[in-house]
Amino acid sequence: MTYGTSPAASSRSGSNGLAIAGMACGIIGLLFLPIVLGPLAIIFGAVGMRQAGAKGGGGMAKAGVILGVIDVIIFIVLIAVAASSGGFTWYVGG
C-alpha cells in the first residue's frame with residue numbers, strides 16, 4: 001500500500017505537454033512577443049484540451065487558450081493606439 005498518492009493520479013501516463021506549453025506561451029506572451037506567442041498558446045491549448053481526457057491538464061489547456069486570446073487582444077490594442085497617435089517613428093539622436 002502506498003501512502004500520499006491517489007489511484008486516479010497514479011493511473012495517468014504523464015502530464016499533458018501541450019497544455020503546459022500553451023500555458024507557458026500565454027504567460028510569456030503577456031510580456032514578450034504577444035503576436036507570436038498568443039496564437040501558439042491558442043493552438044497548443046486547443047490541442048491540449050483535446051488530449052485532456054487521456055492525459056489530464058484540462059485547466060492548464062484552458063488557461064493557455066484564454067491567455068493566448070488576451071495576448072492577441074493586447075497586441076491589437078497596442079497597434080491601434082500606435083496607429084492613432086501618428087504611427088511608429090524612429091528618432092536617431094543628433
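One distance of note links CG of Leu37 with CD1 of Ile42; it measures 11.0 Å at 0.5 Å rounding. Separation of atoms CG (Asp71) and CG (Leu40) is listed at 10.0 Å; rounding is to 0.5 Å. Note that CG of Leu18 and CZ of Phe44 are 6.5 Å apart. Values are rounded to the nearest 0.5 Å. Interatomic distance, Ile20 CD1 to Cys25 SG, rounded to the nearest 0.5 Å: 12.0 Å.
Under the 4.5 Å side-chain criterion, counting only non-hydrogen atoms from C-beta, Val72 is not in contact with Pro34.
If you chain together ILVMFWY residues whose side-chain heavy atoms come under 4.5 Å of each other, Met49 ends up grouped with Val65.
Between Met23 and Leu67 the shortest heavy-atom distance is O-CD1, 4.2 Å. Summarising the geometry of Gly26 relative to Ala41, their closest heavy-atom pair is N-CB, 3.5 Å, with the distance given to 0.1 Å.
Remark: Ile70 engages Leu30, Ile66, Ile74 in a side-chain contact (heavy atoms from CB on, under 4.5 Å) (not counting sequence neighbours). For Ile43, there are no side-chain contact (heavy atoms from CB on, under 4.5 Å) partners two or more places apart in sequence or in a different chain.
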